[in-house]
Q: 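I'd like to ask you about the structure that follows.
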Amino acid sequence: MPDWLAMSQQRNRNSGRGTQRDTVVVTDVPSQRDARSARTRATQRATVTVNALPPPRLRAVLTAGAATSAWNAAVVLLPILVVVIATWWMVGRPGAVSDVTRTVGAIWLVGHGASIDVSGLPVGLPPLVLTAIIVWRLSKAGANTVRALQSRTVPAARAATLAVTMWYVLFALLVAVLVDGDVYDLSIWKTVAWVAAVAVLSCGVGAMNEAGALDDVWLGLPTWLRRGIRTGTLSMIAVTACGALGVGAALALRGSAVVETFSAYDGAALGLVLLSVLYLPTTAIWAAAYLLGPGFAVGVDTQVSVMTVDIMPMPVFPLFAAVPHAPLDTWGTALWAVPLVIGCVQGIALGLRSVDSRWATMTWSVLAAGLTAGVLMAGMAFMASGSLGTQRLSQLGPDVVQSGASAAISIAGSVLCGAVAARLFGRGRRDRA
C-alpha cells in the first residue's frame, strides 16, 4: 500500500474518534431547559418546606398573649396611678388608700367607654386622650403577639387577637369587681362587654396589620373606592383640626374666666388641668359638629350652634368657659364655609387624580368620600357623647345622626364641586397641550 494512502486512512480514523469524543462531551452538558427544570424543582421543594412549618402551639399563643396584655395594662395604669396619687396628696390625702386604687381602676374603665356611677352621679363621657392611648397600646399588643409567635399569617393574627382579648378581659373583670362598691357603682357585665369590644377591634387591627392582611384588603379595593375613602378621611381630619383650633382660640379669648375656674378648686388645680387635657379631643369633636351645623348639647334640651344657643348655667370647669354663650352675628355664620372650603380643596385633589377616569367613576368616588365622612363624624360624635352627672350634665355632646348626615352632605357636595372644577380645568390644560 502506498504511503500516502496509509497516511490518509490514519487521518480519517483520527478525525472520526475526535468527532465522537466531541459529540459525547457536548451531550453531557445540561441544556437550559434542564437547568430551568432543576431550579423549578428546587423552588417547589423550598416552598413545600416553608409551608410545612407547624402552626403556633396553644401554649405559645396563651403565653405570648398573657405577656403582651399584662405589659399593655401596666403601661396605661401606672401613669394614671401616679397622677391620682399626686392629686390625692396635694388635696390633703382624704379617704383611704383603697379609695385611691379604686379611683385609678374607675378612670381606666371609663377610658374604655364604660359608664360608672360616682356617688350617684353617672359618668359615661370617656376622656378621648386616654381612650386613644388604650387603643394604641392594644393594637401594639396584638402586633407584638404576632411577632412573638414568629408567624405573620392570618390564622396567627386571629389567634393572637383572641389570646390578648381573653387575658385583657379577665383583668378588666378583676378590676371591675374591685372597683364596684359604695363610692363607685357599675354594671360589671356591661363594663366587661365594652372592654371586650375595644380589645377585639384594637388588637385585631394591630395583629392583622402586622400579618400584612390590611394591606392586601386595601390594595384589593377598586381604585375609585380607595380615592373616595382617602378624600373623606382627609376632609374629616381637616375639619376636626379646625375645630381644635377654634377651641384653642375660644380658651384664649376667655382666659380670665378659665383662670377663675382653677381658683375654685384650691389644691386640686393639678387634677383639674389634667382632666381638661384628657377631654380636649372631646371638645374638638364638639367644635367640628359646631362648624358642620348641628352643634352640640351641654345638658338636656339644650343646643349650641352657630345660629342658636340655648343653654342652662353650667358647672365651673375650664372647658365649659369656651362654650359660646350667644349666637354669632351675620359675619360669624361664615364659619359654616370652613367644611365646604375643605371639601372643595379635597375635591380638587380628587379631580386631578381622576383626570383620565370616566365621569361615572369619579362620581362614585365622590359618593364614597361623602359616606366615609359621614361615618367618621357619626363615630366621633358617638365617642364624644355621654354624661358627667345628672340634670344639667346628663346629656353632653353632638347628636350622632344629625352630625353624620350633615358631614356626609357637606363633604359630598363640596367635594363634587371641587372635583368637577378640577376635571374641567385639567381637561382644558390637556387639550391646549
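Hydrogens, waters and symmetry mates are skipped; everything else that's a heavy atom, side chains included, is used. What you see is a predicted model, and the numbers here were worked out from it, not measured in a lab. Just so you know, residue 1 is the first one in the sequence shown, and it goes up from there.
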Q: To check you understand the geometry: which heavy-atom pair defines the closest contact between Gly351 and Met362, and what is its length?
A: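 For Gly351 and Met362, the tightest heavy-atom pair comes out as CA-SD, 4.3 Å.
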Q: Less than 4.5 Å apart, side chain to side chain, heavy atoms only: is that true for Val110 and Pro127?
A: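 Heavy-atom side-chain distance check passes, below 4.5 Å.
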Q: Can you tell me how far CG of Leu367 sits from CG of Leu225, rounded to the nearest 0.5 angstrom?
A: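 Going from the CG atom of Leu225 to the CG atom of Leu367 covers 11.5 Å.
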Q: How far apart are the C-alpha atoms of Leu77 and Phe171, what are their side-chain angles, what is the distance that settles it, and do they pass the side chain to side chain contact (heavy atoms under 4.5 Å, CB included) test?
A: CA-CA 12 Å; Leu77 277 171; Phe171 180 75; 3.6 Å; yes
Q: How long is the gap from CG on Leu128 to CG on Leu278, to the nearest 0.5 Å?
A: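 If we round to the nearest 0.5 Å, Leu128:CG and Leu278:CG are 9.5 Å apart.
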Q: Between CD1 of Ile411 and CG of Leu416, what distance do you get to the nearest 0.5 Å?
A: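 It is 12.5 Å, given to the nearest 0.5 Å.
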Q: Under a 3.5 Å distance rule, please check whether Thr233 uses its side chain to pair with a backbone N or O of Arg230 as donor and acceptor.
A: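 Looks like no, no N/O pair under 3.5 Å.
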Q: Taking all heavy atoms of Gly65 and all of Thr68, pick out the closest pair and write down the distance.
A: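 It is O-OG1, 3.2 Å.
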Q: A side-chain contact here means heavy atoms from C-beta on lying under 4.5 Å apart; do Ile311 and Phe320 qualify?
A: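 Side chain of Ile311 against side chain of Phe320, heavy atoms only: no contact under 4.5 Å found.
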Q: Run the side chain to side chain contact (heavy atoms under 4.5 Å, CB included) test on Leu130 and Ile134 for me, step by step, so that the C-alpha distance in whole Å, both residues' side-chain angles and the decisive distance to 0.1 Å come before the verdict.
A: CA-CA 6 Å; Leu130 179 59; Ile134 291 173; 4.0 Å; yes
Q: How close do Trp336 and Gly293 get, heavy atom to heavy atom, and via which atoms?
A: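 Looking at all heavy atoms of both residues, the closest pair is NE1-CA, 3.7 Å.
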Q: Is the closest side-chain heavy-atom distance between Asn72 and Leu138 below 4.5 Å?
A: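 Yes; the side chains approach each other to less than 4.5 Å.
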Q: For the residue pair Trp364 and Trp224, does the interplanar ring angle fall in the parallel (under 30°), tilted (30 to 60°) or perpendicular (over 60°) class?
A: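 Answer is tilted, since the angle falls between 30° and 60°.
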Q: Okay, side chain of Arg102, backbone of Tyr184: is any donor-acceptor separation there less than 3.5 Å?
A: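 No; zero donor-acceptor contacts below 3.5 Å.
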Q: Work out which heavy atom in Ala407 is nearest to a heavy atom in Ala373; give both atom names and the distance.
A: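 The answer is CB-O, 3.9 Å.
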Q: Can you say whether the rings of Trp286 and Phe296 are parallel (under 30°), tilted (30 to 60°) or perpendicular (over 60°)?
A: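 Correct class here is parallel.
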Q: If we only count heavy atoms from C-beta on, is the Ser365 to Arg353 side-chain gap below 4.5 Å?
A: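 Sidechains of Arg353 and Ser365: no contact.
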Q: Answer yes or no: are there more than 12 heavy-atom neighbours, outside Trp167 itself, under 6.0 Å from its atom CH2?
A: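 No - once you tally the heavy atoms of other residues, nucleotides and ligands closer than 6.0 Å, there are 12 at most.
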Q: Would you check if Thr231 and Ser235 make a side-chain contact, meaning some heavy-atom pair closer than 4.5 Å?
A: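 Heavy-atom side-chain distance check passes, below 4.5 Å.
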Q: Compare all side-chain heavy atoms of Asp117 with those of Val123 and state whether any distance is below 4.5 angstrom.
A: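 When only atoms from C-beta onward are counted, Val123 and Asp117 do not touch, as no gap falls below 4.5 Å.
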Q: If you count the non-hydrogen atoms of other residues, nucleotides and ligands that lie under 6.0 Å from CZ in Phe382, is the total more than 12?
A: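 No.
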Q: When you look at Leu173 and Val195, which way does the side chain to side chain contact (heavy atoms under 4.5 Å, CB included) test go after all the steps?
A: CA-CA 9 Å; Leu173 177 61; Val195 173; over 6 Å; no
Q: Is there a donor-acceptor pair closer than 3.5 Å between any side-chain N or O of Thr101 and the backbone N or O of Ser98?
A: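 Checked: pair present.
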Q: To the nearest 0.5 angstrom, please state how far the CG atom of Asp215 sits from the CE atom of Met208.
A: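 Going from the CG atom of Asp215 to the CE atom of Met208 covers 13.0 Å.
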Q: Minimum heavy-atom separation for Ser385 to Pro398, with atom names?
A: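 Looking at all heavy atoms of both residues, the shortest contact is OG-O, 3.0 Å.
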Q: Can you tell me if Ser202 uses its side chain to pair, donor with acceptor, with the backbone of Ala199 under 3.5 Å?
A: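 No; zero donor-acceptor contacts below 3.5 Å.
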Q: Is there a side-chain contact between Thr308 and Pro327, using heavy atoms and a 4.5 Å cut-off?
A: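 They are not in contact (no side-chain heavy atoms under 4.5 Å apart), so the answer is no.
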Q: Give a yes or no on whether Trp136 atom CH2 has more than 12 heavy-atom contacts from other residues, nucleotides or ligands under 6.0 Å away.
A: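 Not more than 12 within 6.0 Å, no.
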Q: Where the side chain of Thr131 meets the backbone of Gly111, is there a donor-acceptor pair that is under 3.5 Å apart?
A: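 Such a contact is found between Thr131 side chain and Gly111 backbone.
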Q: Rounded to the nearest 0.5 Å, what's the gap from CG on Leu109 to CG on Leu186? Could you check?
A: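 Atom-to-atom, Leu109:CG and Leu186:CG are 7.0 Å apart.
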Q: So, the side chain of Ser406 versus the backbone of Gln402: is there a donor-acceptor pair under 3.5 Å, distance only?
A: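 Between the backbone of Gln402 and the side chain of Ser406 there is no qualifying donor-acceptor contact (under 3.5 Å).
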Q: Given Ile229 and Leu221, is the side chain to side chain contact (heavy atoms under 4.5 Å, CB included) satisfied, shown in steps?
A: CA-CA 10 Å; Ile229 293 175; Leu221 296 177; 4.2 Å; yes
Q: Could you give the distance from CG (Leu319) to CG (Leu251), rounded to the nearest 0.5 Å?
A: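 Rounded to the nearest 0.5 Å, the CG-CG separation comes out at 6.5 Å.
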Q: List the atom of Arg226, the atom of Leu219, and the distance in Å for their closest heavy-atom pair.
A: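 The answer is NH1-O, 3.4 Å.
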Q: Taking the side chain as everything from C-beta on, heavy atoms only, tell me whether Leu78 gets closer than 4.5 Å to Val82.
A: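 Side-chain contact under 4.5 Å: no.
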